[in-house]
Each structure stands twice: as C-alpha cells, then as structure tokens.
Amino acid sequence: MTERAAVKAALKTQAVETPSWAYGNSGTRFKVFAQQGVPRTPREKLDDAAKVHEFTGVAPTVALHIPWDKVDDYAALARHAEDRGLRIGAINSNTFQDDDYRLGSVCHPDAAVRRKAVDHLLECVDIMDATGSKDLKLWFADGTNYPGQDDIRARQDRLAEALAEVYGRLGDDQRMLLEYKLFEPAFYTTDVPDWGTAYAHCLKLGPKARVVVDTGHHAPSTNIEFIVATLLREGKLGGFDFNSRFYADDDLMVGAADPFQLFRIMYEVVRGGGLSGDVAFMLDQCHNVESKIPAIVRSVMNVQEATAKALLVDRDALAAAQREGDVLGANAVLMDAFSTDVRPLLREVREEMGLDPDPMAAYARSGWAEKIVAERVGGEQAGWGA
C-alpha cells in the first residue's frame, strides 16, 4: 500500500463522536439563546446527529448526557439510533445541577449527598447496559472557594471511594473515563484539576479507568500534546473532548482558535498509536451564535484535516533530523505537513466513501434545516438544564 493510500485508509476509519447537547440551545454565562428548529427530545437530537454522519461519514456515535437525555426506555432510544445508522456513545453524568451539590457531589462533606451522587453514577452504568454504551464519562464540578472551607485530603479520599464503587459496577467491556478541569466553578481548589490527579485515581482503579483530555481545560500555554503523549505512553488516554478556546473553557469549534495546536495533538495521537486504538474522539462544544448542525459538521471536518496533516508527517525524516540534532530541519518536517493543503485529499476520501466531497454544501442543499424549522413547532426545546 502506498503512503497516500495508507493515509486515506486511516481517514476512512476515523470516528468522531458528537455530543447530544451540542444540538440543543446554549449560550453564555448570562443567557441561553434559542434557535429555530433545535431538537425537543433526545430522539430529535439523534435525528440531527444522523445528518452529521450522513454528510461526513465519520460520526457514527452520539454521546448522551443524563438527565438532559433522560427517557423512559433507553433500549428503545438505542434502537432509534440504530435505525438512523448511529450508535449510543459515552454516557455523561451530571452531578453539578442540583441544589444538594452546592458544596460538592462525590466529595461533599455530607455522606447523604455523596450517596445521592454515587447512585446517579450507578444509574448511568445501568443506562450503559441498556444502550450498549462502552464508556462512562465523569466530570465533577467539586471543589472549594476559600482556604479552610473543607479538608483537601479528605475530599480526595471521598472521591477515591466513590470512583472505586462505580468502577466495581462496570462490565468487562465497559470503561470509566475521568475528565479534569483546571478551575470553574470552584476557584480555590478543584478536586480533579489536572491530568496528574485524574491519572493517579485511574492508575489506582485499574485498567478500565482512563483519563479524558478536554482541550479547553488547561492553563494558558499548557503543552497539551505533552500530556497526550505521556498518557498514551502509559496506556491511560481514554479520549478527548475536542473544542477550542481563546481565554478559558470557551467550547468553541475545535481548531477555530489554534489549528496548529490541534495538529500537534493529532500528531502525538498518530505517533502513539492512538488513532487505531481505543481512544475516543468526541466533540464537546456549545454553538451559541452559529447554526448547530453546520457547526458540528465543520468541527468534524476540522478534526479530519488535522488528522490528515498529522498522518502526512514524514516520520523517518523527522527521526533522522532529531537524531542528528538538526533543530530547524526537524521543525521544518512538521511545518511542511501542517502547511499541506489536505482538502483535495479529503474530497477524494469522501468520494471514495460514496459521499459528497463538500459536506457543508451538501447539508445546505439537503433541506434539513428548513424541514426542522417547519416541523419542530411547539413543545419545549432542548437546552442547558433540559
């Protein structure tokens, strides 16, 4: 197989998971902005996700968020997804939108509140069983705002106890993906603030626990690709929440602010074997001023472009330059790949997959946007807190 053919084959097998909540209404810290035609039910979210997959060919799974996507029959919801050529992806828990969690959830000083939070996580595993999902994704807003507010070490003990109970409930083919976040909403201590904390807990739990890297959850100038390389080396990278940011956790379209960073991350994924392994590539974005479905289509395309460039890196030339201490030569190898216009290559890939070479134009011509605006009248639109 030629190098070009190998790159194209890898791109055809890539999968990017889309999040159910990105199809609903979202906004800033101050206002949720409603758009016409957004889904009113989890099933309608899946209908929209099916369109993203239809035009990109590489978005076959959809992450759910509980209770935002709560239904009476999860097996029926999974069948609805299958009927539209999709599968249910990660099940995301929610332990941050209840008054009881004002001082934390699994790290709360009150045992009754911790029990409530853990029971919710166990409920999410039940939903995994019903939908066929393989991944439970955990993010905790737990932390403190003031010195002395709570015992830092005791909170880590409570976190470890909760994670261990949920880990013990997982099936043989299920995983726990632990996400971290530098700050917000806690401003003095955050209970899972960085990859090291997440890694330490996952290492103690066992092989079914992995770390999730959200590209917006870091301090400015953090070398995210170093984190990715390290976690891949240790076999503990479970997946990504892809987005882009200018200041903090902005949840903008992936690659929008710094496409070079996305390329560098994807090169480490390719270098570490993560593209063909069990690393989950998921979007975690909120589309506030742009149309939902086109923004998600564009985001999937951005991941594809960064991946294509990463696959084009001449790794033999790069290794030779590195061995020889050729600093500029090594950098030039990476820059040559990043500067390559991979859009013609991706158009070829899509045509060979039986897709329109231009997913954005194909979606615009499909009439789906007009159809959902006309049909989704009445009811309550999905959105933050729905």
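One is the number of the first residue; the rest follow in order along the sequence. Side chains included, hydrogens not; waters and symmetry mates left out as well; all remaining heavy atoms used.
A donor-acceptor pair shorter than 3.5 Å cannot be found between the side chains of His108 and Asp150. Using modelled atom types, one finds no donor on one side chain facing an acceptor on the other under 3.5 Å when comparing Trp21 with Asp69.
Residues Ile296 and Ile372 share a hydrophobic cluster, clusters being chains of Ile/Leu/Val/Met/Phe/Trp/Tyr side chains in contact below 4.5 Å. Under a hydrophobic-cluster definition in which Ile, Leu, Val, Met, Phe, Trp and Tyr are linked whenever side-chain heavy atoms come within less than 4.5 Å, directly or via other members, Val166 and Tyr74 are assigned to the same cluster. With hydrophobic clusters built from ILVMFWY side chains whose heavy atoms lie under 4.5 angstrom apart, Leu345 shares a cluster with Val58. Note on Val313: it does not cluster hydrophobically with Val303, by side-chain heavy-atom contacts below 4.5 Å among ILVMFWY residues. Residues Val113 and Leu121 are members of separate hydrophobic clusters, defined by side-chain heavy-atom contacts under 4.5 angstrom among Ile, Leu, Val, Met, Phe, Trp and Tyr.
More than 12 heavy-atom neighbours from other residues, nucleotides or ligands sit within 6.0 angstrom of NZ on Lys12. For Phe33, the CZ atom sits in a packed shell: over 12 heavy atoms of surrounding residues, nucleotides or ligands are nearer than 6.0 Å. Summarising the local packing, CD of Glu161 is surrounded by 12 or fewer heavy atoms from other residues, nucleotides or ligands at distances under 6.0 Å. Within a 6.0 Å sphere centred on CD of Glu184, other residues, nucleotides and ligands contribute more than 12 heavy atoms.
Judged as a side-chain hydrogen bond (donor to acceptor under 3.5 Å, both in side chains), and not counting sequence neighbours, the contacts of Arg115 are Asp119, Glu165. Residues satisfying the side-chain hydrogen bond (donor to acceptor under 3.5 Å, both in side chains) test with Asn243, not counting sequence neighbours, are Asp214, Thr215, Asp251. Every side chain to side chain contact (heavy atoms under 4.5 Å, CB included) that Ala198 has, sequence neighbours left out, goes to Leu178, Tyr180, Val192, Val211. With sequence neighbours excluded, the residues forming a side-chain hydrogen bond (donor to acceptor under 3.5 Å, both in side chains) with Asp129 are Arg169, Gln174, listed by chain and number. Residues satisfying the side-chain hydrogen bond (donor to acceptor under 3.5 Å, both in side chains) criterion with Asp48, sequence neighbours excluded, are Trp368, Arg376.
Judged by distance alone, with hydrogens and angles left aside, the side-chain atoms of Lys181 form no donor-acceptor pair with the main-chain N or O of Ala141 at under 3.5 Å. Side-chain atoms of Asn288 do not come within 3.5 Å of backbone N or O of Val32 as any donor-acceptor pair. A donor-acceptor contact shorter than 3.5 Å links the side chain of Gln156 to the backbone of Asp191. Thr61 places no side-chain N or O within 3.5 Å of a backbone atom of Ile88 that could act as its donor or acceptor partner. Under the 3.5 Å distance criterion, the side-chain polar atoms of Asp83 are left unmatched by any main-chain donor or acceptor of Ala81. Of the possible donor and acceptor atoms, none in the side chain of Arg347 sits under 3.5 Å from a partner among the backbone N and O of Pro357. Within the 3.5 Å criterion, the main-chain N or O of Phe187 finds a donor-acceptor partner in the side chain of Asn145. A donor-acceptor distance shorter than 3.5 angstrom exists from the side chain of Gln149 to the backbone of Tyr146, with no hydrogens or angles considered. No donor-acceptor pair under 3.5 Å is formed between the side chain of Glu268 and the backbone N or O of Ile227.
For Lys116 and Tyr101, the positive end sits near the middle of the six-membered ring, less than 6.0 Å away and at most 45° from its axis. Stacking of Lys208 on the aromatic ring of Tyr167 is recorded, both the 6.0 Å distance cut-off and the 45° axial limit being met.
The shortest distance between side-chain heavy atoms of Glu44 and Asp47 falls below 4.5 Å. Using a 4.5 Å heavy-atom threshold, the side chains of His80 and Arg84 count as touching. With a 4.5 Å cut-off on side-chain heavy atoms, Val269 and Val279 do not count as touching. Using a 4.5 Å heavy-atom threshold, the side chains of Ser244 and Gln285 count as separate. Side-chain contact between Ile66 and His120: present, with at least one pair of heavy atoms (C-beta onward) separated by less than 4.5 Å. Counting heavy atoms from C-beta on, the side chains of Phe242 and Ser299 never come closer than 4.5 Å. Phe96 places a side-chain heavy atom less than 4.5 Å from the side chain of Asn94. Between Phe263 and Leu334 the shortest side-chain heavy-atom distance falls below 4.5 Å.
In this structure, Trp68 and His65 have parallel ring planes: the angle between them is below the 30° cut-off, well short of the 60° mark.
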Just do the side chain to side chain contact (heavy atoms under 4.5 Å, CB included) check on Asp336 and Thr340 with the steps written out, would you?
-> CA-CA 6 Å; Asp336 284 346; Thr340 302; 5.6 Å; no
Show your working on side chain to side chain contact (heavy atoms under 4.5 Å, CB included) between Asp142 and Leu159 and close with a plain yes or no.
-> CA-CA 10 Å; Asp142 294 33; Leu159 173 62; over 6 Å; no
Can you list the steps and then say if Lys134 with Asp278 is a salt bridge (charged side-chain N to carboxylate O under 4.0 Å, His left out)?
-> CA-CA 11 Å; Lys134 304 300 182 185; Asp278 55 358; over 6 Å; no
Would you check, one step at a time, whether the test side chain to side chain contact (heavy atoms under 4.5 Å, CB included) holds for Thr56 with Leu355?
-> CA-CA 7 Å; Thr56 65; Leu355 303 171; 5.9 Å; no
Chi angles and distances behind the side chain to side chain contact (heavy atoms under 4.5 Å, CB included) call for Leu64, Leu77 = CA-CA 11 Å; Leu64 301 184; Leu77 186 66; 3.8 Å; yes
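Of all heavy-atom pairs between Val212 and Phe240, the closest is CG1-C, 4.3 Å. Heavy-atom minimum distance, Ala90 versus Asn92: O-ND2, 3.5 Å. When all heavy atoms of Met128 and Leu136 are compared, the closest pair comes out as SD-CB, 3.4 Å. Residues Trp139 and Ser93 approach most closely at N-OG, 4.4 Å, considering heavy atoms. Minimum interatomic distance between His218 and Leu182 (heavy atoms only, all atoms of both residues): C-CD2, 3.9 Å. The minimum heavy-atom distance between Ala63 and Glu17, with the atom names listed, is CB-OE2, 3.2 Å.
In this structure, Asp356 pairs ionically with Arg365, as a charged nitrogen and a carboxylate oxygen lie closer than 4.0 Å. A salt bridge does not link Glu225 to Arg271: none of the charged side-chain nitrogens sits closer than 4.0 Å to a carboxylate oxygen. The pair Lys51-Glu54 meets the salt-bridge criterion, with a side-chain N (NZ, NE, NH1 or NH2) lying under 4.0 Å from an Asp/Glu carboxylate O.
With respect to Arg210, the side-chain contact (heavy atoms from CB on, under 4.5 Å) criterion is satisfied by exactly one of Leu231, Asp135, Leu177: Leu177.
Taken to the nearest 0.5 Å, the CD1 atom of Ile91 stands 10.5 Å off from the CD atom of Glu123. The NE2 atom of His217 sits 10.5 Å away from the CD1 atom of Ile224 when rounded to the nearest 0.5 Å. Atom NZ of Lys8 sits about 4.5 Å away from atom CD of Glu348, to the nearest 0.5 Å.
Pairs engaging residues 300-328 under the side chain to side chain donor-acceptor pair (under 3.5 Å) rule: Gln14-Thr307, Gln304-Arg350 [sequence neighbours left out].
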